[in-house]
Amino acid sequence: MGMQPVLEIKGLWVNYETEEEIVHAVNGIDLTMYGGESLGLVGETGAGKTTTCLSIMQLVPDPPGLITDGEILFKGEDMMLNTDKRNEEIRGNGISMIFQDPMTALNPVVTIGEQLSEVVRTHQKVSKAEAKQKVIEALEVVGVKRDRYDDYPHQFSGGMKQRVVITMALLCQPELLIADEPTTALDVTIQAQVLELIRTLQSESGTSLLLITHDLGVVAETCDKVAIMYAGEIVEFGSVDEVFRNTLHPYTKGLFDSIPKMTGPCERLTPIEGLPPNPADLPKGCCFSPRCKYKMEICEREKPGTRGEGHTAKCYLV
Ligand code: SF4
């Protein structure tokens, strides 16, 4: 592709450093996203997904957080070399984020309509009446009726609030939308609706979507590509099709074996044995070696590099 990527992460390393210990949260990840793509970043709690997002946004709390190496390019612009002011602009216009808890994005004492109109007016030169009209139209797209314009956030259910937050993120017309577990706090039926909504709006607007989740099912329904994160590394990457059909990394295989299948007989689930490594004391070789049933002698001695092309994995078996 001759196109410039929307996002390029190159060799990113992030620590949380305190007097007692150094937590290695992100350990040398590379990731490239092109316009209109949707990428699922999958991993368990503590795998480094949220730190990756915060790094993209340049919002890693410092201290104790410290980006020790790497580059984060948004449309070719290095966010780490930018002034704070420039990054604020990018966070307002180029990159939007949807969090797990919609209330982090909403002001409880301002009506939904006013908050969204404010967003429109900071991004577009329009009158108050025009802004209101745009907000009403946008809310109708996500299934919120116009008579709720003057309601306050607490008058909305969780699912409805998340719809409002999605509307808010999309009114900024970002090139990159980051959604961090956007449906985890919602009940299952609402989850599916909200995901469907994100996917539709994303494909219609041509926005790139980075979806953070622990749920492979969510990725299958929403994304084109998937990156599997474990102990701060991307251990497998590829199109959803490839990764689901021709899984390469033993950790990814373990993840598939530990989720219930929709089809076929009810089999016993096999959770991956053992626990993820302590990020303050990572194994020397392959990060998955303490739990891997295919482990070889070299695995504990030397870290495997990224192997394969297009569909890649950090494993000697590839
Ligand atoms: Fe298992 Fe070795 Fe592959 Fe690591 S490199 S996942 S220990 S086989």
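In each ligand, atom 1 is the first atom listed, and ligand 1 is the first ligand listed. Just so it is clear, the values below take in all heavy atoms, side chains as well, and ignore hydrogens, waters and symmetry mates.
Ion pairing between E37 and K225 holds under the 4.0 Å rule for side-chain N and carboxylate O. Ion pair K314/E233 flagged as a salt bridge, since at least one NZ, NE, NH1 or NH2 atom sits closer than 4.0 Å to an Asp/Glu carboxylate oxygen. Ion pairing of E300 with K284 is absent here, as no side-chain N (NZ or NE/NH1/NH2) approaches a carboxylate O to less than 4.0 Å.
Listed by chain and residue number, the protein N/O/S atoms under 2.8 Å of atom 2 (Fe) of ligand 1 are C299 SG, with waters left out.
Each salt bridge (charged side-chain N to carboxylate O under 4.0 Å, His left out) pair with one or both residues in residues 104-125, not counting sequence neighbours, would appear here, but there are none.
Each of the atoms 6 (S) of ligand 1 lies under 4.0 Å from some heavy atom of H249.
Side-chain atoms of H214 and E181 form a donor-acceptor pair, as typed in the model, at a separation below 3.5 Å.
Residues F244 and F256 bring their aromatic ring centres within 6.0 Å.
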